[in-house]
Amino acid sequence: MAPAAPQPAGRLLSVVLGNASTALGVVAPGERGGEVVRHWTLSSDERRTADEWAVLVRGLVGPHLDEVEGVAVAATVPWVLGRWREMLERHLPDLPVVVVGAGVRTGIPVLTDNPREVGADRVANALAALTRWGGPAVVVDVGGTAVTLEVVNAAGQYVGGAIAPGVEVGLEGLGRRAAQLRQVELVRPRSVVARNTVEAVQSGLVHGTAAMVEGLVRRALAEQDLDPATTRVVATGAYAGLVADEAGCFTDVEPHLTLLGLGLVFARNHR
Ligand SMILES: Nc1ncnc2c1ncn2[C@@H]1O[C@H](COP(=O)(O)OP(=O)(O)OP(=O)(O)O)[C@@H](O)[C@H]1O
Ligand SMILES: CC(C)(CO)[C@@H](O)C(=O)NCCC(=O)O
């Protein structure tokens, strides 16, 4: 069931302040939640001041700032959100801002024990999937810090999900805790059964994440009585492309689902 969600009227700047990286995107209005027409990635460096963020945003987004009607922000790092609020107030004071968080209407009922604790990026993912494809839907965000799973039921409600370690967290953990392992490039190795250390780590990360995701989705569908034939299963996030084909459980891959979800929240709160 697709809700009659308000769609953004003009272009927006959507910003996801993640634990490791910050994603920025210009979202254009359109069918089924709009589309991301430009996107950039920055590190979420906590030391960065509001003025430094302003330089980076102007440098990257530059001329597109004149095209956008507002800014939608989701943050998983409160400190960085503080610097962003300051930057927006001082450097882009004419742009209306919606920060997704407690008290902001999203348009999707959150049925968890404590809806306020659910990450804004997770709610944005669920809302975007619901608007784009309708419910029931499962979203898997394959990120560097975390792999998250969200379930939207047939009634268009956010039921809950799962949070697992992300691909970079796994790699860093191995490098830190195992004396003979080091950082490797995050690419698909030639085989699952690798014949050298680098590819063995790559296999564990790529195929291991794919297997985890596939298993989580299968278990979630079974537990929630969702029919695999009619439930959209969507991959998003920085590493969606790396594992989606391997996992084989996805009906759709949309790398910028979170940015689209933020646009929808903005539209609902700015009419
Ligand atoms: N759309 C993208 N395309 C290519 N690389 C990306 C993209 N988004 C992020 N990255 C890169 O991938 C890495 C991890 O990004 P990711 O968005 O997963 O960060 P994160 O803050 O750890 O997020 P999460 O909390 O969702 O795990 C970063 O180094 C980032 O620069
Ligand atoms: C799980 C992450 C880190 C994913 O970015 C973020 O959504 C978060 O910090 N969430 C708060 C806890 C929760 O979502 O239940």
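Ligands are counted one by one from 1 in listed order, and the atoms in each one are counted from 1 as well.
- Those atoms of ligand 2 that come under 4.0 Å of a heavy atom in R122, given as number and element, are 7 (O), 13 (C), 14 (O), 15 (O).
- Here T145 has heavy atoms under 4.0 Å from ligand 1 in both its backbone and its side chain.
- For A146, the heavy-atom gap to ligand 1 drops under 4.0 angstrom.
- W40 does not carry R38 over the face of its six-membered ring by the limits of under 6.0 Å from the centre and within 45° of the normal.
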Inset, instruction - Could you please spell out the steps behind the salt bridge (charged side-chain N to carboxylate O under 4.0 Å, His left out) verdict for E214 and R218? - result: CA-CA 6 Å; E214 193 181 346; R218 188 163 23 87; 5.5 Å; no
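- Looking only at heavy atoms of the protein, atom 12 (C) of ligand 2 is closest to E117 O, 3.3 Å.
- The protein heavy-atom contact nearest to atom 29 (O) of ligand 1 is E168 OE2, 3.7 Å.
- Contact check on R132 versus D252 returns no salt bridge, with no Lys/Arg side-chain nitrogen under 4.0 Å from an Asp/Glu carboxylate oxygen.
- When the options D141, T258, T41 are ranked by their closest heavy atom to atom 2 (C) of ligand 1, first place goes to T41.
- In this structure, T145 falls outside the shell of residues with a heavy atom less than 4.0 angstrom from ligand 2.
- In terms of N/O distances under 3.5 Å, ligand 2 is not approached by A146.
- Looking at T148 and E150, their side chains do bring a donor and an acceptor atom within 3.5 Å of each other.
- In the candidate list D121, N125, T76, V118, D121 is nearest to atom 4 (C) of ligand 2, counting heavy atoms.
- The residue from P255, G119, G143, S21 that puts a heavy atom closest to atom 16 (P) of ligand 1 is S21.
- In this structure, D113 places its CG atom where only 12 or fewer heavy-atom neighbours from other residues, nucleotides or ligands lie under 6.0 Å away.
- S43 and R48 share a donor-acceptor pair across their side chains, judged by distance under 3.5 Å alone.
- The protein atom (non-hydrogen) at minimum distance from atom 12 (O) of ligand 1 is A238 CB, 3.4 Å.
- Contact check on R190 versus E199 returns a salt bridge, with a Lys/Arg side-chain nitrogen under 4.0 Å from an Asp/Glu carboxylate oxygen.
- Within a 4.0 Å radius of atom 4 (C) of ligand 1, the protein contributes no heavy atom.
- Dense packing is recorded around CG of D45, with more than 12 heavy atoms of other residues, nucleotides or ligands lying under 6.0 Å away.
- With ligand atoms numbered from 1 in the order given, ligand 1 contributes 1 (N) to contacts under 4.0 Å with heavy atoms of H256.
- Looking only at protein heavy atoms, the nearest one to atom 18 (O) of ligand 1 is G144 N, 2.6 Å.
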Legend entry - side-chain contact (heavy atoms from CB on, under 4.5 Å) assessment of W84 paired with V57: CA-CA 10 Å; W84 259 80; V57 169; 3.6 Å; yes
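- Each of the following atoms of ligand 2 lies closer than 4.0 Å to a heavy atom of N19: 3 (C).
- Taking distance alone, with nitrogen or oxygen atoms compared against 3.5 Å, A20 approaches ligand 1 more closely than that limit.
- Defined by atom type and a distance below 3.5 Å, a donor-acceptor pair is present between the side-chain atoms of T22 and S44.
- Applying the 6.0 Å contact sphere to CZ of R32 captures more than 12 heavy atoms from other residues, nucleotides or ligands.
- Set against the non-hydrogen atoms of N19, the atoms of ligand 1 under 4.0 Å away are 21 (O).
- Less than 4.0 angstrom separates some heavy atom of G18 from each of these atoms of ligand 1: 21 (O).
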